[in-house]
Undergrad: 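One structure coming up, written as structure tokens, with questions to follow.
Order of the sequence lines fixes the chain letters, A, B, ..., with proteins taken first and strands second; residue numbering starts at 1 for each chain.
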Amino acid sequence: MTLRLHNTLTKTKDALEDFPGFDRTNVRMYVCGPTVYDYAHIGNARPVIVFDVVFRLLRHLYGAAHVNYVRNITDIDDKINARAAELAAARGSDVEAARAEITAATAGQYLQDVTALGCLPPTHTPRATDYVREMVAMIETLIAAGHAYAAEGHVLYDVSSKPDYGKLARRSLDEMIAGARVDVAPYKKSPMDFVLWKPSDAATPGWPSPWGRGRPGWHIECSAMGAALLGETFDVHGGGIDLVFPHHENEIAQSEGAHQGHPLARIWMHNGFLQVEGEKMSKSLGNFVTINQLLQDWPGEVLRFNMLRSHYRQPMDWTVAGMTESWKTLERWYAIAEPVAGPRVGAAFLAALCDDLNTPQAIAELHRAPEDELAGGLGLLGFSNVQLRIAAKKAVDTTAIADAIAARNEARKAKNFRESDRIRDALLAQGIVLKDGPGGTTWEVKR
RNA sequence: GGCCACGUGGCGGAGUGGUGACGCAGCGGUCUGCAAAACCGUUUACCCCGGUUCAAUUCCGGGCGUGGCCUCCA
């Protein structure tokens, strides 16, 4: 079964195995991770889940030991600095200490959230602050190669030095300059030149460099960390579609510029955007949903399943109705799959995933699959029933429920239906729904 | 303003130049003291206007709508 993935660079479904130099014993994937200044929201959850499935699929195809997955944590950023400055001012403390505190707390929360979503830890989770030296070295290489220039404490990438700049976003320099709304700083040679390094004042976190105390620009960290952990060229690079330009375009410019033009990634994958109840998510509309809030009300696996019901490149609408439907499906499936002794991955299911990660198709295959293939498919997609179980047991006295069920069945046997219905209604009032099946009575927490 | 993506039945959501995926809901039934659950069966579709074609939901052009990028953003 050959995996084909839609490649933003070529706009076709490409097979990794068709690329010369592809090494099936060392499959490498890089995904842009969060900038840690605030809680991750539901939109952030989409790439995390989607690329976790890609990771799991690659491990299935090539073996877990042969897949290397890097998802960075961006802990250098001007939004972070703004928060750090607020915190430092409020306390009269050091701005760097405030930055470190905010990013450590936010990163910890993020890892906790995505773990609840059933995502495996990546092979590496590098933090930008640990790779400043590599960034500085890459910038020096770019200057030496004629791709960058220093000016007024800044270092800028010279886009005119790279004739194919814009190939990922499919935009020409002329188009971009014509439509540009960028403030053109006087030290830029071209309006599209972007910052690799910029100076920091005393109230802003900064690191020493040949160009003075400063901090890296937004894009260079991914280039530097990717090269340090995966090498010059890797197989899959992923992120949200909004990152295509400028972030990924600039990563390509930097990495290829620093590596004699060797390609940065073979396949570029981008997930589509998400709306909430038919509207774009924004703080002003009041429909800004964080993963953390959602996890108060929903098992992480429900959120995960809901995300995989739509294809990752399609725009998706996140709704409570969809979550309810997802929960129902998962619950029914777990009941079927859990007793299975020998799970297997079905051919049609795997074929769907290998066709550009068609998870809706794969889920449809699970609906008609035999029990062992349902169990195997759920496992491959990262579902284990842990979260649902936790949710089901939350604040529930299982012994009391078992006693009530026994009492009700006594009453039913005695044809005392007034009493049996009273017990059932009393449990329902506590949010416990009874199900009478051929094998006896089971219960679940009402949604 | 420039560039790009998407628009499928009551809802979610794949896919295809010609035999109406799949799920939810609904309806009918089996089971059940009843209800729920489970199981079986079943109704409803491709935004609008042109074009290409023997044939278009599927290809092309235009329109409308939603969203994305061009500035931080998954």
Undergrad: Could you measure between the two P atoms, the one in B:G51 and the one in B:G1, and give it in whole Å?
TA: 29 Å

Undergrad: Mind checking A:H247 for me? I need base, sugar-phosphate or nothing, with any heavy atom below 4.0 Å counting as a touch.
TA: nothing

Undergrad: Measure centre to centre between the rings of A:W333 and A:H367, then say whether the value is under 6.0 Å.
TA: yes

Undergrad: Please state the C1' separation for the pair B:A5 and B:G9 - nearest whole angstrom.
TA: 24 Å

Undergrad: Would you mind reading off the distance between A:L353 atom CG and B:A14 atom P, rounded to a whole angstrom?
TA: 14 Å

Undergrad: Thinking salt bridges, do A:R368 and A:E373 make one under a 4.0 Å N-O criterion?
TA: no

Undergrad: Encode nucleotides 31-38 of chain B as B, S and - characters from 5' to 3', where the letter depends on protein heavy atoms closer than 4.0 Å: B to the base, S only to sugar-phosphate, - to neither.
TA: --BBBBBS

Undergrad: B:C6 and B:G13: how far apart are their P atoms, nearest whole angstrom?
TA: 15 Å

Undergrad: Which value, in whole Å, describes the distance between the P atoms of nucleotides B:G28 and B:G18?
TA: 36 Å

Undergrad: Remember a base hit wins even if backbone is also touched, and classify A:L274 as base, sugar-phosphate or nothing at under 4.0 Å, heavy atoms.
TA: base

Undergrad: Taking the nucleotide of RNA chain B with the closest heavy atom to each, which residue, A:A45 or A:R309, is nearer the 5' end?
TA: A:R309

Undergrad: Among B:C69, B:C6, B:G67, which nucleotide has an atom closest to any side-chain atom of A:K280?
TA: B:G67

Undergrad: How many Å lie between CZ on A:F349 and C1' on B:C22, as a whole number?
TA: 14 Å

Undergrad: Touch check for A:P34, heavy atoms < 4.0 angstrom, all strands: base, sugar-phosphate only, or nothing?
TA: nothing

Undergrad: Checking all strands, does A:G272 fall into the base, sugar-phosphate, or nothing category for heavy-atom contacts under 4.0 angstrom?
TA: base

Undergrad: In whole angstroms, how far is the P atom of B:A14 from the CG atom of A:L308?
TA: 12 Å

Undergrad: Between A:W333 (CH2) and B:C22 (P), how many Å, whole number?
TA: 14 Å

Undergrad: Verify whether one side chain among A:Y312 and A:D356 offers a donor that lies under 3.5 Å from an acceptor in the other.
TA: yes

Undergrad: Nearest whole Å is fine: how far is B:A5 C1' from A:R46 CZ?
TA: 12 Å

Undergrad: Taking B:C11 as the reference, what is the distance to B:G26 when you measure between their C1' atoms (whole Å, please)?
TA: 11 Å

Undergrad: Could A:D78 and A:R215 be called an ion pair, given the rule that one side-chain N must be under 4.0 Å from one carboxylate O?
TA: yes

Undergrad: Can the ring centres of A:H248 and A:H270 be said to be less than 6.0 Å apart?
TA: yes

Undergrad: So, A:F234 versus A:H237, ring centres under 6.0 angstrom or not?
TA: yes

Undergrad: If a pair means Watson-Crick or G-U wobble with both distances below 3.5 Å, what does RNA chain B look like in dot-bracket form, with | marking bases paired to a different strand?
TA: (((((((..(((.....[...))).(((((.......)))))....(((((..]....))))))))))))....

Undergrad: Between B:U44 and B:G68, how far is it from one C1' atom to the other, in whole Å?
TA: 33 Å

Undergrad: Is A:R4 paired with A:D14 through a side-chain N to carboxylate O contact shorter than 4.0 Å?
TA: no

Undergrad: Can A:F273 be called stacked on B:A74 when the rule is centres closer than 5.5 Å and an angle between planes below 30°?
TA: yes

Undergrad: What's A:K413 touching, base or sugar-phosphate or nothing? Going by heavy atoms closer than 4.0 Å.
TA: nothing

Undergrad: Could you please name the option among B:C70, B:A5, B:A21 that lies closest to any side-chain atom of A:Q361?
TA: B:A21

Undergrad: Can a salt bridge be assigned to the pair A:D436 and A:R412 using a cut-off of 4.0 Å between side-chain N and carboxylate O?
TA: yes

Undergrad: Given the C1' atoms of B:U58 and B:C70, what is the spacing between them in whole Å?
TA: 32 Å

Undergrad: Roughly, in whole Å, what's the span from CG in A:L374 to P in B:C22?
TA: 17 Å

Undergrad: Roughly, in whole Å, what's the span from CD in A:E249 to P in B:U71?
TA: 13 Å

Undergrad: Taking the C1' atom of each, how far is B:A25 from B:G10, in whole Å?
TA: 7 Å

Undergrad: Taking atom P of B:U16 as reference, at what distance in whole Å does atom CG of A:N358 sit?
TA: 9 Å

Undergrad: Do A:K79 and A:D38 sit within salt-bridge range, that is, some charged N less than 4.0 Å from a carboxylate O?
TA: no

Undergrad: Where the side chain of A:R171 is defined as all heavy atoms beyond and including C-beta, which of B:C24, B:C69, B:A14 is the nearest nucleotide?
TA: B:C69

Undergrad: We want to know whether A:N306 and A:S326 form a side-chain donor-acceptor pair, criterion being a heavy-atom distance below 3.5 angstrom.
TA: yes

Undergrad: Would you please name every residue forming a salt bridge (charged side-chain N to carboxylate O under 4.0 Å, His left out) with A:R127, sequence neighbours left out?
TA: none

Undergrad: For A:G239, which contact category applies under a 4.0 Å heavy-atom criterion: base, sugar-phosphate, or nothing?
TA: sugar-phosphate

Undergrad: Quick test of your reading of the model: are A:R99 and A:E96 salt-bridged, counting only N-O distances below 4.0 Å?
TA: yes

Undergrad: Regarding A:Q275, tell me which of base, sugar-phosphate or nothing describes its non-hydrogen contacts under 4.0 Å with the strands shown.
TA: sugar-phosphate

